[in-house]
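So the structure is just underneath, and the comments pick up after that.
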4 protein chains.
Amino acid sequence: MTKDKPLTQHELRSQATRARIVEAAHTQFVANGLEGTRMEAISAEAGVNKSLVYRHFGNRETLYREVLARAYGQIREAEAQIHLPEDPVAALDTMICFTLNYYIEHPDFLVLVGIENLNGGVHLREVARDVLKVERLVERYRTVIRCGTDAGLFRQGIDPVDLYLVVSSQCWFTVATRHTFGITFQVDVLARAEIEQRVALIKHTVLGFVLDEPRIDALLARSAKQPTAG
Amino acid sequence: MTKDKPLTQHELRSQATRARIVEAAHTQFVANGLEGTRMEAISAEAGVNKSLVYRHFGNRETLYREVLARAYGQIREAEAQIHLPEDPVAALDTMICFTLNYYIEHPDFLVLVGIENLNGGVHLREVARDVLKVERLVERYRTVIRCGTDAGLFRQGIDPVDLYLVVSSQCWFTVATRHTFGITFQVDVLARAEIEQRVALIKHTVLGFVLDEPRIDALLARSAKQPTAG
Amino acid sequence: MTKDKPLTQHELRSQATRARIVEAAHTQFVANGLEGTRMEAISAEAGVNKSLVYRHFGNRETLYREVLARAYGQIREAEAQIHLPEDPVAALDTMICFTLNYYIEHPDFLVLVGIENLNGGVHLREVARDVLKVERLVERYRTVIRCGTDAGLFRQGIDPVDLYLVVSSQCWFTVATRHTFGITFQVDVLARAEIEQRVALIKHTVLGFVLDEPRIDALLARSAKQPTAG
Amino acid sequence: MTKDKPLTQHELRSQATRARIVEAAHTQFVANGLEGTRMEAISAEAGVNKSLVYRHFGNRETLYREVLARAYGQIREAEAQIHLPEDPVAALDTMICFTLNYYIEHPDFLVLVGIENLNGGVHLREVARDVLKVERLVERYRTVIRCGTDAGLFRQGIDPVDLYLVVSSQCWFTVATRHTFGITFQVDVLARAEIEQRVALIKHTVLGFVLDEPRIDALLARSAKQPTAG
DNA sequence: GATGAATGAGGATTCATTCAT
DNA sequence: AATGAATGAATCCTCATTCAT
């Protein structure tokens, strides 16, 4: 996208240093949290002088934002790379598996987002909107849904964000609360057998959500008359 | 349960102070995190001398554990109070609404659990197991499931923890990632309309999960032959 | 000396407590120094409430003074119990052995006196003079000297305090600097063989000091013309 | 000895600061003891920021060790500079006067060693052995003894460490217990007249120790048959 | 006399950040 | 760009001492 002007050697070196710092900061923020991370630790891990970190990023928060934005960029990038099969159910499977896998393999992302939510999202709000590339993400889900409705398999009017929610929330919960859940229910949720079962569970609920099942609709309609949350 | 021996005035006063400190600590930990909370702030909020906090709890971590255990105790207590209707679908609705409502009204709990997961669960692991009262919780879900299967409405063999997962994960995600989700999708997830829709969504997936729908089973069986997560 | 009026039970008990506190304080001050000793530790060791220590002694310094005075009283008491043989050389031996033994067996005393000197003697100065019972001590040495001069063995004009100095300084140094000396010269000064040799050394110097040796006097006279310390 | 590489301006400045801190720490530790010394006071006296002290030395104990090692280094250095006269008695005089003078003029050293002994020598034990330069010290005494025996004045077989003990213990006691001794015997031991007398006393005992006096040997032999310390 | 709760002042250490080179 | 020295503002925790019972 950006026009890459040729860089001087100085600039190249500087950018490499910058990248090393962001990488180190990522590790540290994930491991120790926002308040728990020491600038000293970041600079040490990056192998540079502490003051240099300040020269490049000004202060800790800015550096944290850089790390946060990068993490969002990376997942969106990965999502964009997904190859969706033509078969709508297989496409759903793919999305589910990708999501759970990504969370399992990048717990860092969940940690950062967790930190961010504990902080009320103040830093993410400062991140340029376009970094989040939301449309790209929604588009993926829209494609899956179109696929299924075109095949006459899924019901009409499924909202892509709703579908994202159903998928994401269950994958998220699995990974993000793995410690407390594991302690509470005495299981290792990342054990292979557990994961397999979890995937089946998620697929089940997702299918229940997208398929056109008259009984579910009927029951939902009935239930909607009852008082609900709020 | 506990035989309440008459307490001396000293003991009464001491217990009251202790309770005030825990309350204040709860507020502070939720607002500022584990590392971000200053003992000074806790004592100030409790209206007692800083040293007194140390006299009662020894150090910050112990105090945090007390707060954490209490929060777990409270949700379990609330769950135990739920009145479940006879009708199984209504019972499900009740559980869903209770869960989402509890999370919305006690974001503190989610924050504490979030902090705990960021910390790898080290503190929860130190909390006496019986404080978690897991059986009580599972029992509630087992009851709902029995209700539905007895009525010939739900399929056989539903695991209560699985059901808890489907319900809890979606309620959890809604509240726990409300800031980042809100920023990403430009929506206020706690707005009334949003919540209503969210409840409907959760009910939908839960019904899809518990009802005996042959088509879902068939598709799941097919999908299980594909490669999955891991 | 003091007229002992019969004490009430209360008073007896109180005095016993008081004694336990002083004992505990002694142990603690010796082990941890003046600044290093915690009132908490004293009360714990005495098995009483912290406030009670304050009730009895008012503050830490006063308590320390009590301990210091008691320690001085005890050594003076022990010195008073020494049985001096008639033979003057044997009497000297007795004094030397008593002194060294007392220091070895009561390093506490040296520690307290050491603390006191590090503090410029401010606390000892507050201790009633008569507690020190100096005359008793000097008298012992005077007796030994008289013994020796009467027997025509010692020279005339030996000052008892000088003699005390010769004896005491060497015994003192042995015990008081045993750690640093031991580290410096790689030797365990309290090992039996070492002690024996040390006693012989001290006896040697003491005899050299009290005996009437013309050569020594001659050399001293010559040496006195040289510039000296100051 | 050390090859002095040219230092950068940074290094020079840093070393100067370091030296100022050690100097200030020395003063403070001597004045207030190990526990009694406040890091604040050290940094204030050194005219630097408190944190800088930590940057340079890590913690109070390390700094204390630095001070202790330096003090040992200094006395050994001074001892190495002594010019010993050829005449053996004069050489002894020189050693005695040097020792007493050094203690009088550097009570700091005695205080530090006193602190160290109260602490069981734990810190000195951590100091590199070669800092203590023990051989240098022993060599000085060996020289004096050889001097005297070669001249046929001293008896055979005098152990240099024994001689050091006789000299050092009396000088030590004079200075190290000056406060308690002064209070006990109501004298100012550092007054000129007192010092002169003290030097004479020490010389007397030292001569008694090194000279070949048959009567002393005879009495010592007799006395050795009596029970002794232990 | 004896106890436990409570306080206030202080003190070691840490750490984000700035300065000088 | 990069470094190391230096700073100032916390922040945790301790402890002598007092208060209330």
Side-chain angles (χ1 to χ4, degrees), chain A residues 8-18 35-43 47-56 58-61 63, chain B residues 8-18 35-43 47-61, chain C residues 8-18 35-43 48-56 58-61 63, chain D residues 8-18 35-43 47-61 63:
Chain A
T8 68
Q9 263 195 314
H10 249 214
E11 282 166 337
L12 274 171
R13 216 186 120 148
S14 180
Q15 292 224 340
T17 302
R18 210 184 145 88
E35 303 257 7
T37 292
R38 311 294 153 213
M39 294 302 269
E40 183 88 46
I42 293 173
S43 65
V48 301
N49 186 277
K50 203 174 12 165
S51 312
L52 197 52
V53 178
Y54 280 92
R55 187 178 169 82
H56 275 291
N59 62 29
R60 187 166 59 166
E61 297 215 337
L63 180 48
Chain B
T8 68
Q9 263 188 305
H10 260 172
E11 283 165 336
L12 274 172
R13 210 188 137 117
S14 183
Q15 293 218 344
T17 302
R18 214 185 143 87
E35 303 252 12
T37 292
R38 310 295 153 212
M39 295 302 269
E40 179 93 48
I42 293 174
S43 64
V48 301
N49 187 277
K50 208 182 352 172
S51 320
L52 196 53
V53 178
Y54 284 92
R55 182 180 155 80
H56 277 289
F57 297 95
N59 60 30
R60 189 165 55 167
E61 295 216 338
Chain C
T8 69
Q9 262 195 315
H10 248 213
E11 282 166 336
L12 273 171
R13 215 186 122 147
S14 180
Q15 292 223 340
T17 302
R18 210 185 146 86
E35 304 255 7
T37 292
R38 312 294 154 212
M39 293 303 269
E40 183 88 47
I42 293 173
S43 64
V48 300
N49 186 277
K50 203 173 14 162
S51 314
L52 196 53
V53 178
Y54 281 93
R55 186 175 171 82
H56 275 291
N59 62 29
R60 187 165 59 165
E61 296 214 338
L63 180 48
Chain D
T8 68
Q9 261 188 308
H10 260 171
E11 282 165 335
L12 275 171
R13 209 188 138 118
S14 183
Q15 292 218 344
T17 302
R18 212 183 143 87
E35 304 252 10
T37 292
R38 310 297 152 212
M39 293 303 269
E40 178 93 48
I42 293 174
S43 63
V48 300
N49 188 277
K50 208 180 355 170
S51 319
L52 195 54
V53 178
Y54 283 91
R55 182 179 157 81
H56 278 289
F57 297 95
N59 61 30
R60 189 167 56 167
E61 295 214 339
L63 180 48

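Just so it is clear: chains get the letters A, B, ... in the order the sequence lines come, proteins before strands, and each one is counted from 1.
- Of all the heavy atoms in B:Asn59 and B:Met39, the pair that sits closest is C-CE, 4.3 Å.
- Between atom CZ of residue A:Arg55 and atom OG of residue A:Ser51 there is a gap of 10.5 Å, rounded to the nearest 0.5 Å.
- Phosphate proximity of F:dG4 to A:Asn49: present, with a side-chain N or O under 4.0 Å from OP1 or OP2.
- The distance between atom CZ of A:Arg55 and atom P of F:dT3, rounded to the nearest whole Å, is 11 Å.
- Atom CD1 of D:Ile42 and atom C1' of E:dA12 are 11 Å apart (whole Å).
- Residues passing the side-chain contact (heavy atoms from CB on, under 4.5 Å) test with D:Ser43, sequence neighbours excluded: D:Val48, D:Lys50, D:Val53.
- For the pair D:Glu11 CD and F:dA6 P, the interatomic distance rounds to 12 Å; values are reported in whole Å.
- Atom pair D:Phe57:CZ and E:dT14:C1' shows a separation of 18 Å (rounding to whole Å applied).
- If you measure from atom CG of B:Leu52 to atom P of F:dC15, you get 17 Å, rounded to the nearest angstrom.
- As rounded to whole Å, 14 Å separates atom C1' of F:dG4 from atom CZ of D:Arg18.
- You'll find that the side chain of A:Val48 is closest to F:dT3, out of E:dT3, F:dT3, F:dA1.
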Quiz item: If the sugar-phosphate is the primed atoms plus P, OP1 and OP2 and the base is the rest, what is the B/S/- string for nucleotides 16-21 of chain F, using protein heavy atoms under 4.0 Å?
Solution: SBBB-S
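- When side chains are defined from C-beta on, C:His56 does not count as touching C:Gln15, because their heavy atoms never get closer than 4.5 Å.
- Here C:Thr17 contributes atom OG1 and C:Leu52 contributes atom CG; the two are 6.0 Å apart, rounded to the nearest 0.5 Å.
- Interatomic distance, CZ of A:Arg60 versus CD of A:Glu35, reported as 6.0 Å (0.5 Å rounding).
- Annotated stems with DNA chain F as a participant read E:2-21 with F:2-21, given as range with range, by first number; only runs of 3 or more Watson-Crick or G-U pairs under 3.5 Å qualify.
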